[in-house]
Asks: 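Have a look at this one.
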2 protein chains.
Amino acid sequence: MSTNSHDTTAGSGGAPGPAGAGAPRKRGRARQASALASERRGNLVRLAAELFAQKGFQATTVREIADEAGILSGSLYHHFDSKESIVDEVLSSFLDELLRDYQAAVAEGGSPDDVLARLIRAAYRSLKPHRAAITVVQNDWNYLRQFPRFDYLGTVEEQIQGIWIDVITRGQAAGAFRTDLDAKLTYRMIRDTIWVTVRWYRPEGALTTDDLAGHFMRVLFDGISLGERTTSPAGR
Amino acid sequence: MSTNSHDTTAGSGGAPGPAGAGAPRKRGRARQASALASERRGNLVRLAAELFAQKGFQATTVREIADEAGILSGSLYHHFDSKESIVDEVLSSFLDELLRDYQAAVAEGGSPDDVLARLIRAAYRSLKPHRAAITVVQNDWNYLRQFPRFDYLGTVEEQIQGIWIDVITRGQAAGAFRTDLDAKLTYRMIRDTIWVTVRWYRPEGALTTDDLAGHFMRVLFDGISLGERTTSPAGR
DNA sequence: GTCTATAGGAAGATAGAC
DNA sequence: GTCTATCTTCCTATAGAC
């Protein structure tokens, strides 16, 4: 949740940094102080993520982030070397955790529809802790990908896509899922439907993320129709 | 496609406008010149919409829009009184047309699942002509709604929602759709799944919008599973 | 209808005192 | 670690010539 494995030294010119620019190695008595520092940093990141999610990355100014934290904008640059570094930390920590969750869901094993159900629940469950990051991914992904710094977004996306498509394809081969559906298209549909929920989902409301997952899976696995399944009803 | 019925006089302060600020009534020999003017204007709007879609509303500068049109940024203000006016025209013309399409789909009549299928196809078909506008709606909706000028976005959304929920509810009452699904939740799922497609759909690719609609409807109506429908398979 | 020129403000980022 | 102060750049929008 803390290390940003995707950090690059790319910047707009400014200070090249006197020491190694990565996360400092913690050891000895420095560890405690460092832990406090990262907690502070983590707070700033969470707070910025919330603003990015509400107003968009571009529309959020460093002054607003600093205001929210009760400090002045200049002071932010003691913690981060640019506004992009902040959003980078928001995204990379979320994506790293998500990838691990998915890998764990697959590692548990079971039939393809068990695994698919587990993936779907894992995705919905991430809505609550990562609502802000997911919103940023959705709204600012296209913009951020313009910068080489964020190339890793595409890499992680491909790894994640591979996990889902693999499960769907295995399900088709095993006779659990229809073979007249394109696996990639189906994956995208599932992914989009789940993520886009952050636009209106409010964790403090009546619906839990497992409610959402349940509703979605009823539709996904069995459809909204009643009676026999049909190949092409109503001219579809 | 031309008149902006949602225009308001709201602005950030500047010139209050010497004459009536609405679209001038065309009559007599002025009509031809005016038609050319609106074509020019329409071109600028389309071009701006494309940029807004690619980079986001905030990140797109009036200079970029002007560059793309081959004029200087100051000259844009001969056609529009602000950057917001441009995006307003992008959104309102799209939403007006969409609402009319949906109303027409319902007016054709038929069983709930016929109507629902028609609505879904209409939505997918709008992806091609309105890709840019749909992208802007999705990415910049939250930001734009901060300004009273864009209050009408919420109004149109409610009208549209009413149309879909009505069809779903009637289908449930008629025994065509499952009653264990929440109509509003189902509407949102459908809407989101369709709109979010603009993130990756490329009209010039192999898939037509009717392909997408077909794939989606197979899943929506009948699910991805094979064999008998089941109420709670795999612990779902 | 487009240009030149510029007002006026806000943005991201930096330097050095405390 | 935060503040004060400020640099530089870029933005939207305007005024008036052509």
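Values below: every heavy atom of this structure, side chains too, minus hydrogens, waters and symmetry copies. In what follows, chains carry the letters A, B, and so on, assigned in the order in which the sequence lines appear, proteins first and then strands, with residues in each chain numbered from 1.
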Asks: On the nucleotide C/dA13, are OP1 or OP2 found under 4.0 Å from the side-chain N or O atoms that A/Tyr77 carries?
Replies: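 Yes.
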Asks: If we ignore angles and hydrogens, is there a donor and acceptor under 3.5 Å between the side chains of B/Gln161 and B/Arg191?
Replies: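 No pair is found: no donor N or O on one side chain lies under 3.5 Å from an acceptor on the other.
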Asks: Please say whether the positively charged group of B/Lys128, taken as NZ for Lys or CZ for Arg, lies over the ring of B/Tyr201, i.e. under 6.0 angstrom from the six-membered ring centre and within 45 degrees of the axis.
Replies: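 Checked: cation-pi criterion not met.
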Asks: Nearest heavy-atom pair of B/Arg40 and B/Ala69: which atoms, and what distance?
Replies: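 Shortest heavy-atom contact: NH2-O, 4.4 Å.
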Asks: Return the angle between end axes of the helix from C/dG1-D/dC18 to C/dC18-D/dG1, with five pairs used per end and rounding to 10°.
Replies: 10°
Asks: Any side-chain N or O of A/Arg41 below 4.0 angstrom from OP1/OP2 of D/dG1?
Replies: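 For A/Arg41, the contact criterion (side-chain N or O under 4.0 Å from OP1 or OP2 of D/dG1) is not met.
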Asks: Heavy atoms from C-beta onward define the side chain here; which of C/dG12, D/dT12, D/dG1 lies closest to that of A/Lys83?
Replies: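 Ranking C/dG12, D/dT12, D/dG1 by closest atom to the A/Lys83 side chain puts C/dG12 first.
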Asks: Quick one: do the A/Ser85 and A/Asp88 side chains pair a donor with an acceptor below 3.5 Å?
Replies: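 No - no donor-acceptor pair under 3.5 Å links their side chains.
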Asks: Rounded to whole angstroms, how far apart are CG on B/Leu76 and P on D/dT14?
Replies: 13 Å
Asks: Please list residues of residues 61-69 of chain B whose heavy atoms come under 4.0 Å from any atom in DNA chain D, ordered by number; otherwise none.
Replies: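 Correct list: B/Thr61, B/Val62, B/Arg63.
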Asks: Measure the distance from NE2 on B/His78 to P on D/dC18 and round it to the nearest whole Å.
Replies: 19 Å
Asks: Can you name the atoms? Protein N/O to nucleotides 3-5 of chain D N/O, anything below 3.5 Å, with the distance.
Replies:
unit_1: D/dC3; atom_1: OP2; unit_2: A/Leu72; atom_2: N; d: 2.6
unit_1: D/dC3; atom_1: OP2; unit_2: A/Ser75; atom_2: OG; d: 3.2

Asks: Between A/Glu84 and B/Leu44, which has a closest nucleotide on DNA chain C that is more 5'?
Replies: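 Looking at the nearest nucleotide for each, B/Leu44 comes out on the 5' side.
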Asks: Of the listed nucleotides (D/dG1, C/dA13, C/dT2), which one gets closest to any side-chain atom of B/Arg40?
Replies: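 Of the candidates, C/dT2 comes closest.
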